[in-house]
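Working notes, structure below.
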Amino acid sequence: MRMSQTLIPTLKEAPSEAEVPSHVFMVRGGYLRKVAAGIYSFLPLGWKVVKKVEKIIREEMDRAGASEVFLPAVIPAELWQESGRWDQYGAQLLRFKDRKGGDFVIGPTHEEVISALVRSDVRSWRQLPLNLYQIQTKFRDELRPRAGLMRGREFIMKDAYSFHVDENDANREYKKMYDTYQRIFTRCGLAFRAVEADTGNIGGSLSHEFQVLTETGEDALVACDACDYAANVEQAVARPPADPQTASEQCQRVPTPGQHTIAEVSSFLGVPQTRLVKTLIYLADGQPVAVLVRGDRAVNEIKLRRALEVTELLLATDAAVREVTGAPVGFAGPVGLKIQVPIYCDLEVQALADFVVGANAPDAHLKGVNVDNDFKPTAFGDYRTAAEGDACARCATGHLHAHRGIEVGQVFFLGTKYSRPMGVTFLDVDGLEKPAQMGCYGIGVTRIVAAAIEQNHDKDGIVWPVPLAPYEVAVLELQQDDDNVIATSKRIYEELSAAGIDVLYDDRDERAGVKFKDADLIGIPFRIAIGRKGVAEGVVELKRRNGTEVRKIRIPEASALVAAEVIAERR
RNA sequence: CGGGGCGUGGCGCAGCCUGGUAGCGCGCCUGCUUUGGGAGCAGGAUGUCGGAGGUUCAAAUCCUCUCGCCCCGACCA
């Protein structure tokens, strides 16, 4: 492509709203422009990168035996009412009416549509298994779109759905997709980690996320330093304490005037936070419950919600806390609650002895408190968020370490969560009608683009890996008034193009410095600089965007040499 | 949803407190010079100051409402 004939509007300064590197460089580099919050136009460069990602995904999905389809973005409400998600999905589901007043949604995901398709056209075990995928625009009316393509409202997603006669076969496909995803993200040149994940409002019973490791990631992860265990903190499990401590003290009330927080009580009483137990009052589907975790720990509401088998879990208001405990916020404890509510006790607290809790009275705490002696929990369980340094639950020696990541893909084993309510059934060999076992598998196509930049940039701009680069080679024509320079540039551009290389030919009437700066900003992996001096000596200069070495190569061999190096890195 | 902040030419900003009819840098256009890391000089174009209402002789500036956008939080006793 001749740069003079396309639209690559680079900027010296980025809009002030762009903060993360991927957003800044995509705007500055002329890849992307914002249309509304979380909604973007892809300019020629941006769209080329998206298409490269899509190509890798298609090749690998097809290779894995999946078939591409294209489902509608606009979906009638009936399908969502049938699955129950019309009511469950909440405000992120963009709903609207057509001219006749019929309710529709813009698809944030497509389990309903695919289920409707498969139930009407798949009748027999002979038609299974089946894996259908599409690459399509989704819309989720996010609470808070942010960071450019990292969390948009409109975005491109690859979603795949598989259907199976039994759980074994669904599991086989799950594993196959897991491996396929590893291949896809590897080919994209990403450093990533597959982690165990919560199934969220997609549902199902087994799930892994593929997280690109980078500091600007939205998700918190932990990974073991000894085994391959890694998980989203929403899900991560630490090894519970092995030996319970022995109770040796009697429960005793101590004054703690004005000491509300764990930190205050800890320093006031001279007791470490690890010997304090905090008591949180939640409203679980409207019913108050008390949850106990160690003072230095955080309750994991996702684990708690799952354990309590409730859909709505809210921290109680100050007024509700007063009602349940009889004391202001800051002095709640499991002993002597004003209203008896179920008490859920974290495993760490179960193993603790002689700890400190709130006294359910203003300005007082209890010390020397022990489970069973002083109160009887309703249940024990893992209700806390795993933290840096925790012992790994999966191996004997490892410890968990915190990371941040950008989720670029997730695979789910769904079982019959959708097939049952949606009536996706088939006639099995034994003549019985059975619900299909399902899996679903998503990849954030546009998010991969952002994640790749987060992982591959420097102060001057993007540093694309060859497989995702919008162009593989930049040909910089450094002088506009020199016929030899122009002829040589054109020759190399044409030779490389003929060899099937993606070339961006900077033939603009700009000074050399501008061309160098733009090539760096855009991030093209190979740069051929063609200047007066070099051409006079019969050479051009080759430089990698990710290196500093400048190689002089003879003009007649230049194209073949560069083409070979590019092809070697395509994967 | 809670908190904070911002809307002034394509981009980045100043002006607002203390009302007097809009300015700077980049970019853009023209010309000359320049030409290997975002050139120099000269000339030029571009603004319903987010929108509506109000106060006032006078509003970018003060007041009210509203819309849009960004950041943080939604883990706490």
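Naming: A, B, ... by sequence-line order, numbering from 1 per chain.
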Nearest to the side chain of [X], heavy atoms from C-beta on, is which of [options]?
| X | options | answer |
| --- | --- | --- |
| A:Leu280 | B:C26, B:C76, B:G37 | B:C76 |
| A:Arg144 | B:G37, B:A74, B:C76 | B:A74 |
| A:Arg153 | B:G37, B:C69, B:C76 | B:C69 |
| A:Val299 | B:C69, B:C76, B:G38 | B:C76 |
| A:Ala37 | B:G38, B:C69, B:C71 | B:C69 |
| A:Gln479 | B:U35, B:C11, B:C72 | B:U35 |
| A:Leu521 | B:G73, B:C76, B:G38 | B:G38 |
| A:Pro15 | B:C71, B:C11, B:C76 | B:C11 |
| A:Asp481 | B:U35, B:A39, B:C75 | B:U35 |

Atom [atom1], compared across [N] and [M]: separation rounded to whole Å:
| N | M | atom1 | value |
| --- | --- | --- | --- |
| B:A42 | B:G47 | C1' | 25 Å |
| B:G40 | B:U34 | C1' | 7 Å |
| B:U66 | B:C76 | P | 29 Å |
| B:G4 | B:C49 | P | 28 Å |
| B:U8 | B:C13 | C1' | 10 Å |
| B:G15 | B:C24 | C1' | 10 Å |
| B:C65 | B:U46 | C1' | 32 Å |
| B:U61 | B:G43 | C1' | 33 Å |

Could you tell me which nucleotide pairs with [N] by Watson-Crick or G-U wobble geometry, both distances under 3.5 Å, or answer none if nothing does?
| N | value |
| --- | --- |
| B:G7 | B:C67 |
| B:G27 | none |
| B:C62 | B:G54 |
| B:G19 | none |

In whole Å, I'd like the distance from the CG atom of A:Leu32 to the C1' atom of B:C11. 15 Å

Let me know the distance between CZ of A:Arg151 and P of B:C71, rounded to the nearest Å. 12 Å

[X] side, atom [atom1]; [Y] side, atom [atom2] - distance, nearest 0.5 Å:
| X | Y | atom1 | atom2 | answer |
| --- | --- | --- | --- | --- |
| A:Arg447 | A:Glu218 | CZ | CD | 6.0 Å |
| A:Leu304 | A:Tyr383 | CG | OH | 7.0 Å |
| A:Cys224 | A:Asp390 | SG | CG | 11.0 Å |
| A:Leu478 | A:Glu541 | CG | CD | 7.5 Å |

Distance check: side-chain N/O of A:Lys12 vs OP1/OP2 of B:C11, anything under 4.0 Å? no

Students often get this wrong, so: under 4.0 angstrom with heavy atoms, is [X] touching a base, only sugar-phosphate, or nothing?
| X | value |
| --- | --- |
| A:Lys515 | nothing |
| A:Glu19 | sugar-phosphate |
| A:Ala147 | sugar-phosphate |

May I ask you to verify whether the side chain of [X] and the base of [N] hold a donor-acceptor pair under 3.5 Å?
| X | N | result |
| --- | --- | --- |
| A:Glu13 | B:G25 | yes |
| A:Arg28 | B:G38 | yes |
| A:Arg511 | B:U34 | yes |

Name the one of A:Val289, A:Leu292, A:Val299, A:Leu280 that satisfies side-chain contact (heavy atoms from CB on, under 4.5 Å) with A:Tyr344? A:Val289

In this structure, are over 12 heavy atoms from other groups packed under 6.0 Å from A:Gln250 atom CD? no

Here's a test of your reading of the structure: between A:Arg527 and A:Glu301, which maps to the more 5' nucleotide of RNA chain B? A:Arg527

Position toward the 5' end of RNA chain B (nearest nucleotide), A:Ala529 or A:Ile281: A:Ala529

Considering only heavy atoms from C-beta outward, does the side chain of A:Ile453 approach that of A:Trp464 to under 4.5 Å? yes

